[in-house]
Every structure is written in C-alpha cells, then in structure tokens.
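Below is one structure; the comments refer to it alone.
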Amino acid sequence: MSGDANGDERSIRVGETTDGDPVSLPVEQVLTGRAFVTGKSGSGKSNTASVVVEELLEAGFPVLIVDTDGEYYGLKETYELLHVGADEECDLQVGPEHATKLADLALEQNVPIILDVSGFLDTDAADELIRETARHLFAREKKLKKPFLLVVEEVHEYIPEGAGMGDTGQMLIKIGKRGRKHGLGLLGISQRPADVKKDFITQANWLVWHRLTWDNDTRVVSRIVGSEYGEAVPELGDGQAFVQTDWTDDAVRTVQFRRKRTFDAGATPGLEDVERPDLKSVSDDLTADLADITEEEERREDRIEELESELDQKQERIDELEAELERARDVSHAAERIADTIATAGGGGGDGGDATGAAIKRETVDRLQRERDELERKLDRAESQIARLEGGGDAEVQAPATPTTAVDSADSADADEDEAQATLDDAASAADDEGADAAPADEAAADGGAATDAGGESTVADAGNGSTATDRSDDADPAAGDRPEDAGSDSDSEEDAVVAAFREQLTRTGERLLAAEDGDDIAALLSDDRVAERVAAARSESLCSRGEADLLVAALRRDGPIEQSDLAARVDADAGAVQGFLTALRSRDLVVEEADGWRFDRAALAAVAGD
C-alpha cells in the first residue's frame, strides 16, 4: 500500500506497467466503485482479484467475497477471515437465515468474510443466501455509509446477458447502480464477458481485461476498449491485462499484476503434492452468534417436522369426522322421510277412527320431528367444529403455540358427534322402554289391530317409498274400533310400530329406504350381493350421498322409466350428482336410458346376479 493510511491519498499497489512503472489503485475508488475483471481460465483474473483483496486486508479494510469455486480460503494463510458455507472445511455451516448476522459482522464488526457457496447441493439455497446477504449489506450501508467492497466470482451466473436474470441478479444490479453513494462497491469477476450484461460492464469505473480467445469475447473487447485491443487481447501473457480506469488520463494501460502472496487454492492441480498451509480463523466469540442461529434453525426445522406430523394426524381425524358426518346426514335424511311418511299416514281420516289413537300418533310424530330437528342442529355444530379444525391446522406452522387448541377443537367436534349419535340411539331405543308391550302389540298388529288410523285398520306406511299401507278393512274385526277397553292397546301397538320402524331406519343409516315391494323381481335382483356391489361402486364414483343414492335406486325401481330431471326433483338432489350416478350405473350394465327416461335393465341385472 502506498500513501498515508490516515490521509486522503490512500492507494494499493497491484503491479507494474510494461515500462516498469508501479501501478496503484485508489482505495476509495476500489471500495466504493463498480469494477469488472475478466479473462479466460488460467489467464490470471482470480489472481488479480486476490491481489486486490490482499492489499485491502493488509490496509485494514474488510471485504466480503462470494466464492463460487472454493478458491479463496488460501487468504486465511495470512489473514483472519471468517470462512462460511456448506462444507465441513468451512469455519461454520450457514444458510439464508444467517444473512443478517453475516452483514452485521462484516459492516459493524469489520470481519472479512468468504461466503463459499461451492459446497451447496441446493442451488436455490445458495442463491438465496447470496441475495439476502447482499440485500442486508445494501440496507445497512444506507445508514452507515462505510466504504466496503463486495466481490462476486462468476458474476455472469447472476447478471447474464439477455433474459433469465433472477432476484439475486437484480439485487446486484441495484448495488452496482446505487451502492456507490452509500459506500458499497461491487467487483464482478467472469471468464466470459460475452455472457455478462453489457450495462454492468459499460458502467464500471475500472475494468481489467486478461487474455481472451473466444471470438464473442474478443468482440466485446473491441466494442468497449477498441478494435486494436480486441485483436491484441488473445496474445496477453499470464497475469497481464489491459486496465481501464476513470481516474487516470491514460485511456488504457497494459499492466502485469503481481502474484498473490497467500496460498493459491484455485491453482490447477499438478502431479506434485500440495501441502495445505496452516490457516488463520477469527475468534470463536465472533462466530458464537452464528452458531446460535444454526442451532435455532435446527430446532425450528424439528418443530416444523413435528407440526407437519400433527397436521397429518389431524387431517386423518378430519377425514374420519367427515365420514361420520356424512353417515349422520344420511340418518337424518332417513329420519325426516320416516317422520314425513308417518305424518302423511296420520293425516288420513275416516268415519270410524279412534280419536285417542290418532292423538297418540300425532304426539309420536311430533316427538320424532323434534328429535330430528335436534339431530340436525347437532350435525350443524359438528360441521362447524370440522371447519374450525381445518382452519386451525393451517395456522400451526406460523404459530407453533396453537397445536393444543387445534386438538381441543377436534375433541370438541368428536364430542358433538358423539352427542348427535347419542340422540339417535335415544330415539332408536324408545321402543325398548316399552318392551313388555311389544309382543302384544305385534300380536295385535298380526290380527289387524295395529296402526289403526281414523280411516280404519292399515299397516304402517312404507318408510322407503312414502306410500300408505294397503287397507285391510275387509279382514278387520268389525267391533275392534268400538271396544273402549281395546283403544289404549291399539294406540300403544300403533305407537310401538311407528317407533320400531323409526328405529330400524336409523340403525341401518338410511340403507334400503325404499324397500322392495311384494312380488317386485327388480327389488329381488337389487338385493343380490353382486348387484349391490356395483350399485355401491357407482355411488362412490358419483357425488351422491349414500341416502340420495338409496332414494334414487328406489325411485328408479318403482317409477322407471323416469326422466332425469323428474328423478332429481323426486329425491331433492343436485342434477349433476344424479347425472353422475346414472352414468356410473349405466357403465356397470345396471340401467338403460330410453326415450321416456331411465329404468333398471332387468335382463342385465339378472346376468350380473347370475340368473
């Protein structure tokens, strides 16, 4: 270094001209300017960069070097630098999370840093580390305004000519354009000037052109320096270069750069053994914070893994709850159909009806409807719990303190589901409370005395298809409705039959809501296991719920052929879901579509069943 270290004319000596005159570079221009050093492999470009860095370190100025090939650690033979990267050879393994601390060490604590990205297998992580470190340097320099040099090897990878520049390149361009006024300089190094964005090269205030032989590269020299230099640049010797600077009168000087004093870790390997020198390192106190960041990152990654595992478990629980909820909806739908059917059956009147029996029937219907309404409210609460559980799972990675709340939500949803199921069980076991009267009621029903309505003696309405029972008034006991002592028994039997029907429908979770009518061979075929399997597969393929599919099957059996729109209206189902179910049934050779609508294909059903 020449000049007074405390004066205004500080400079660093890097080589000499062909005439033997010393060549020095002003420190302030080097630290805060934009520079470009280029040359083919082996021409001396990295040696030149190392010479500049050695002189700056010798003068007490820290730098940060982005080392893409792991060739700058040799500086540690003489100087104390912090060597960080992904290799075990580094003083410390770092990632993007260390960027803030690295910028702090470099600018606030004057620690020279080699940011070695050669060992990163994940190029995205290396790119992010460079970008974030550069961003923090730029942000801090806006306040500090401290002369500082950022050195970037293989700069064409980040600032390419043409398209393809990423966020890291944009950050480096920003430093090149605006860093100087904040004190932050940038030295870019590349062996392919043709591949580097020309705006970066032409706006550099000092350039070093080592030997280049490829035509595209020499044309860049001719365009920027001059045609005579473009013709001469292939003939330059090792370490020799054309140097352009804004602060000298000479447009171009031919300079022989000195050899670097420190270990040349970037030298091409030879046959002789190369002994690695003892390397200096910064104190452990300076790296303690970086080590803490590494440990914290490891703990964070472990926690993320735990949370992801918990989320997977919660998702499985959500799937289970949704499956249970779907079954509960089917049960609710079945209960609604049964209650509506009973209400319809109870609405008929006749001249010889029993007023007491009708009142009991209406009370039973009202009770069943209230229980149905309560069940639907509980299902709504269960759906809300599932929604909250799904919402809570996504927030856990951001807020690790929430797993307990999410688990509690799942447990709450499970509790509501259990409560809903308990309501079903209570309704289903209503008949068990009157077990002593069940047998006489069944006997009375067998004698034609059960389920008497105001219009005479009828069996309980078919819960599946909603039709009223077949009147059997011709076979009834003429005096059955006139005996006061039998009125209570008839009413009890009728209520028992209603509750028993309701219980059976709830227990089967809406299955076979529209049971086969007597003598219906289609119904018999549908009950075959092989046919039932195909129907179930068609339901799974469609968007229909289990209850909707059962209602559609019954309507097709009873009313087919029937138009698709009429079928959807009958069961109050989405038209698209009905279309999907019908298409799935047809693909399994169960139904056919005719001019007047859809119907089951008896011959095809028989073939499937093996008839």
Side-chain angles (χ1 to χ4, degrees), residues 12 14 25-39 44-76 78-85 90 99 102-103 105-107 110-118 126-127 129-138 141 146-159 168-169 171-176 179-180 182-191 193 196 200-201 204-208 210 241 243 257 260-262 264-266:
I12 54 175
V14 294
L25 304 176
V27 171
E28 183 178 351
Q29 296 288 351
V30 173
L31 288 174
T32 64
R34 177 161 62 181
F36 180 61
V37 177
T38 186
K45 66 181 185 306
S46 294
N47 176 80
T48 295
S50 294
V51 168
V52 172
V53 171
E54 283 179 351
E55 293 296 336
L56 291 174
L57 293 175
E58 190 71 29
F61 296 103
V63 296
L64 191 147
I65 306 166
V66 176
D67 186 0
T68 57
D69 292 318
E71 58 185 350
Y72 282 88
Y73 72 84
L75 291 166
K76 297 180 64 180
T78 304
Y79 306 102
E80 291 185 357
L81 291 93
L82 176 61
H83 183 202
V84 297
C90 297
L102 290 174
L105 287 172
L107 294 177
N110 297 322
V111 177
I113 297 174
I114 301 171
L115 186 56
D116 187 350
V117 296
S118 63
D127 202 58
L129 175 58
I130 297 170
R131 179 176 66 254
E132 289 303 302
T133 302
R135 184 173 68 84
H136 285 292
L137 286 173
F138 183 80
E141 278 286 59
K146 172 183 178 179
F148 186 87
L149 181 62
L150 173 63
V151 180
V152 181
E153 273 280 4
E154 305 297 343
V155 73
H156 59 271
E157 294 185 2
Y158 310 106
I159 312 177
T168 300
M171 189 67 242
L172 294 177
I173 287 291
K174 184 176 181 180
I175 291 174
R180 183 182 183 89
H182 300 309
L184 181 60
L186 177 63
L187 167 56
I189 306 165
S190 174
Q191 59 182 321
V196 179
F200 176 81
I201 298 176
N205 63 325
W206 62 284
L207 302 96
V208 179
H210 284 280
V243 178
F257 283 84
K260 61 189 295 188
R261 292 187 293 266
T262 53
D264 189 1

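What you see is a predicted model, and the numbers here were worked out from it, not measured in a lab.
Across every non-hydrogen atom of Val52 and Leu25, the tightest pair is CG2-CD1, 4.4 Å. In plain terms, the two heavy atoms of Phe148 and Leu64 that are nearest each other are CZ-N, 3.5 Å. Annotation for Glu28 and Thr32: closest pair O-OG1, 2.7 Å, computed over non-hydrogen atoms. Residues His136 and Ala103 come closest through the heavy atom pair CB-CB, 3.6 Å. Considering every non-hydrogen atom in both Thr133 and Leu129, the closest pair reads OG1-O, 2.7 Å. Nearest approach of Ala99 to Glu132, heavy atoms of both residues: CB-CB, 3.5 Å.
Taking OG1 of Thr262 as the reference point, atom CG of Leu75 lies at 4.5 Å (rounded to 0.5 Å). Here CG of Leu172 is found 8.0 Å from CD1 of Ile130. Values are rounded to the nearest 0.5 Å. Note that the CG atom of Leu102 and the CD1 atom of Ile113 stand 5.0 Å from one another [nearest 0.5 Å]. The distance from atom CG of Leu150 to atom CE of Met171, rounded to the nearest 0.5 Å, is 9.5 Å. To the nearest 0.5 Å, atoms OG1 (Thr78) and CG (Leu57) are separated by 9.5 Å. Considering CD1 of Ile173 and CD1 of Ile159, their distance stands at 4.0 Å, rounded to 0.5 Å.
Here the side chains of Val152 and Tyr158 are in contact, with some heavy-atom distance below 4.5 Å. A 4.5 Å side-chain heavy-atom check between Val53 and Lys260 finds every atom pair outside the cut-off. In this structure, Asp264 and Asn47 have side chains that are not in contact, with every pair of non-hydrogen atoms separated by 4.5 Å or more.
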### Message
What verdict does the side-chain contact (heavy atoms from CB on, under 4.5 Å) test give for Leu115 and Val84, after you've listed the backbone C-alpha separation in whole Å, the side-chain angles of each residue and the deciding distance to 0.1 Å?
### Response
CA-CA 5 Å; Leu115 186 56; Val84 297; 3.7 Å; yes

### Message
Evaluate Gln191 against Glu153 for side-chain contact (heavy atoms from CB on, under 4.5 Å), listing each step before the verdict.
### Response
CA-CA 9 Å; Gln191 59 182 321; Glu153 273 280 4; over 6 Å; no

### Query
How far apart are the C-alpha atoms of Tyr79 and Glu58, what are their side-chain angles, what is the distance that settles it, and do they pass the side-chain contact (heavy atoms from CB on, under 4.5 Å) test?
CA-CA 8 Å; Tyr79 306 102; Glu58 190 71 29; 2.7 Å; yes

### Message
Using the rule given for side-chain contact (heavy atoms from CB on, under 4.5 Å), can you reason through Glu55 versus Val27, listing the C-alpha separation, both sets of side-chain angles and the distance that settles it, and then say yes or no?
### Response
CA-CA 9 Å; Glu55 293 296 336; Val27 171; over 6 Å; no

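Although no hydrogens or angles enter the test, the distance criterion places a donor-acceptor pair under 3.5 Å between the side chain of Asp67 and the main chain of Tyr72. Side chain of Thr168 to main chain of Asp127: a donor-acceptor pair is present (N/O by atom type, distance under 3.5 Å, no hydrogens or angles). A donor-acceptor contact shorter than 3.5 Å is absent between the side chain of Glu141 and the backbone of Gly179. When atom types are taken as modelled, the side chain of Thr38 and the backbone of Ser190 share a donor-acceptor pair closer than 3.5 angstrom. A donor-acceptor pair is defined here as one N or O able to donate and one able to accept, closer than 3.5 Å; such a pair exists between the side chain of Glu54 and the backbone of Arg261.
In this structure, Phe138 and His182 have perpendicular ring planes: the angle between them is above 60°, well past the 30° mark.
Judged purely by distance below 3.5 Å, without hydrogens or angles, the side chains of Thr68 and Glu157 never pair a donor atom with an acceptor atom.
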